[in-house]
Amino acid sequence: MSGGLELALRCAERGWWVHPLLPGSKRPAGNCRRCRPPAGARPACGFPDADGCACREAGRYCHGVRAATRERELIHRWWSGRDFGVGVATGASGLVVLDLDDHDRPPPEQALLLPGVDLTQHPDTELDRVRTGVDVLELLCRVRRAGSLLEAPATLTVQTPSGGIHLWYRAGDASRYVQGAGRLGWQVDVRAGWSTAVAPGTVTAAGRYRIAGHQDSPVRLPRWVALELDRVGMRHRDPAAGPPRRLRLPRPARERGPRDDAAYAAAALRGELEAVASARAGRNDQLNLSGFRLGQLVRAGLLEHDQVHQALTDAAEQAGIDPGEAKAQSTLRRALQAGMRSPRTVPSPGARS
């Protein structure tokens, strides 16, 4: 039995859906000219979506992650006599994999290190030491005051040939996520949904994917990481699942402040969030205006920055704005910062009527 076949069968026994990777490569294998035309040509079947293509029903592996299987008969047919690697379909397998790149390079502007997190509120984070995806994840752990996910890996951890790290987690029965690069953090990719993770033990031209540490099984995705994925819009949103969820209103920052101030801040917050969520034309303009107004209240100490950023992101998503879109995040970040440079004077109770 070949190494790839044995590995694929072991993965399937663990409940993971697998598909072949080209020998020595991370790319999906293809066995149909119609689905894999010459370079530069357009696939007739719409690869990788394969709408109307009969290849999957015929038991072919042309469509990569969308052809993944746990059937032993298919696995034997696909891998026998071939030196294929093993790709694991993350979404179908109920997995989320944090892919931490190791490209040692100067970081981008501070706002792009952890999108949506105002690092100016965390002056003790040693940003000058951030060079890799591992550093960025550790930075996120410190900002959220969570234990390191890397010092003593508590989940399946895979060392890549290029020096990167893959942290494998179980997503949970009722949770689904989408893949994305850089949305959680710089040099941090999230492999979920229609994405592939290279199974540990697979060998590419660059080397072998090896398990690091003693934990050989994924554990449940930590709740705080799940909340972070939700914050940056990576939880799967099913448009057929029902009406948009109610907007979550953060609690005012001044728990011990004047009651009238807290009520004023809550009312202003609700109004701005509803304005963003209901916007159809000029959505980015409304996001900019609401971000500025709420930034003023943040600077006045009536609202918390990170909570307002998340609430505005949720409202923008309900308006149809992709929460991971760079333009939207830039608009929101700049609007909040502009508002914080011009704090609002809270009117007296008599002036609010």
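In what follows, residues are counted from 1 in the order of the sequence shown.
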Check: Is there a side-chain contact between Thr157 and Gln215 (heavy atoms, below 4.5 Å)?
Finding: no
Note to self: Donor-acceptor check, side chain of Asp230 to backbone of Ala226, threshold 3.5 angstrom: yes or no?
What the structure shows: no
Next item on the list: Using the six-membered ring of Trp16, assess whether NZ or CZ of Arg70 lies under 6.0 Å from its centre and within 45 degrees of the ring axis.
Entry: no
Checklist line | Under 3.5 Å: donor-acceptor pair, side chain of Trp79, backbone of Gly85 | finding: yes
Margin query: Ignoring hydrogens and geometry beyond distance, is a side-chain donor-acceptor pair present between Arg142 and Ser148 at under 3.5 Å?
Written below: no
Check: What is the distance from atom CG of Asp216 to atom CZ of Arg14, rounded to the nearest 0.5 Å?
Finding: 5.5 Å
Next item on the list: Give, for atom CG of Asp99 and atom CH2 of Trp168, the distance between the pair rounded to the nearest 0.5 Å.
Entry: 11.0 Å
Next item on the list: Scan side-chain atoms only and decide if Thr160 and His166 contain a donor-acceptor pair under the 3.5 Å cut-off.
Entry: no
Check: Going by an N to O cut-off under 4.0 Å, is there a salt bridge joining Glu13 and Arg72?
Finding: yes
Check: Is the closest basic N to carboxylate O distance between Glu6 and Arg10 below 4.0 Å?
Finding: yes
Item checked: Within-4.5 Å side-chain heavy-atom neighbours: Trp194 and Val178 -> no
Notebook entry, point to check: With a 4.5 Å limit on heavy-atom distance, are the side chains of Tyr169 and Leu98 in contact?
Noted result: yes
Check: Same hydrophobic cluster for Leu287 and Leu289, using side-chain heavy-atom links shorter than 4.5 Å among ILVMFWY?
Finding: no
Margin query: Is it true that, when you exclude Glu109 itself, more than 12 heavy atoms of the residues, nucleotides or ligands shown sit nearer than 6.0 Å to its CD?
Written below: yes
Notebook entry, point to check: Do Leu95 and Ile211 share a hydrophobic cluster (ILVMFWY, side-chain heavy atoms under 4.5 Å, transitive)?
Noted result: yes
Next item on the list: Please examine the side chains of Ser290 and Leu273, heavy atoms only from C-beta on, and report whether any two atoms are closer than 4.5 Å.
Entry: no
Notebook entry, point to check: Are any side-chain N or O atoms of Gln110 and backbone N or O atoms of Asp118, one a donor and one an acceptor, separated by less than 3.5 Å?
Noted result: no
Check: Once you round to the nearest 0.5 Å, how far does NE2 of His309 lie from OG1 of Thr313?
Finding: 4.5 Å
Next item on the list: Report yes or no: do Trp17 and Phe84 belong to one cluster of Ile/Leu/Val/Met/Phe/Trp/Tyr joined by side chain heavy-atom distances under 4.5 Å?
Entry: no
Notebook entry, point to check: Nearest 0.5 Å, what's the CH2-SG distance between Trp224 and Cys141?
Noted result: 4.0 Å
Margin query: Between Val65 and Tyr177, is there shared hydrophobic-cluster membership here, with clusters defined by ILVMFWY side-chain heavy atoms closer than 4.5 Å?
Written below: no
Check: Do Lys26 and Thr204 touch side chain to side chain, with heavy atoms closer than 4.5 Å?
Finding: yes
Item checked: Interatomic distance, Glu71 atom CD to Arg77 atom CZ [nearest 0.5 angstrom] -> 9.0 Å
Check: Do Val130 and Val136 touch side chain to side chain, with heavy atoms closer than 4.5 Å?
Finding: yes
Note to self: For a quick check under 3.5 Å, do Ser195 and Gln179 share a side-chain donor-acceptor pair by atom type?
What the structure shows: no
Next item on the list: Check the pair Arg170 / Thr155 against side-chain hydrogen bond (donor to acceptor under 3.5 Å, both in side chains), numbers first and verdict last.
Entry: CA-CA 9 Å; Arg170 289 185 287 107; Thr155 193; over 6 Å; no
Note to self: For a side chain to side chain contact (heavy atoms under 4.5 Å, CB included) check, start with the C-alpha distance between Leu112 and Trp186, then their side-chain angles and the critical distance, and finish with the verdict.
What the structure shows: CA-CA 7 Å; Leu112 297 179; Trp186 176 63; 5.8 Å; no
Checklist line | Candidate pair Arg144 and Asp306, rule salt bridge (charged side-chain N to carboxylate O under 4.0 Å, His left out), full reasoning | finding: CA-CA 11 Å; Arg144 297 308 186 213; Asp306 287 358; 3.4 Å; yes
Check: Are any non-hydrogen side-chain atoms of Leu22 and Pro28 less than 4.5 angstrom apart?
Finding: no
Check: Are Phe292 and Leu303 linked, directly or through other ILVMFWY residues, by side chains that come within less than 4.5 angstrom of each other?
Finding: no
Margin query: If the test is side-chain contact (heavy atoms from CB on, under 4.5 Å), which one of Val158, Leu149, Leu150 qualifies with Ile165?
Written below: Leu150
Next item on the list: May I ask you to test the Val198-Val86 pair for a side-chain heavy-atom distance under 4.5 Å?
Entry: no
Next item on the list: Nearest 0.5 Å please: distance from the CZ atom of Arg231 over to the CG atom of Leu227.
Entry: 10.0 Å
Next item on the list: Please say whether more than 12 non-hydrogen atoms of neighbouring residues, nucleotides or ligands are located less than 6.0 Å from CZ in Arg27.
Entry: no
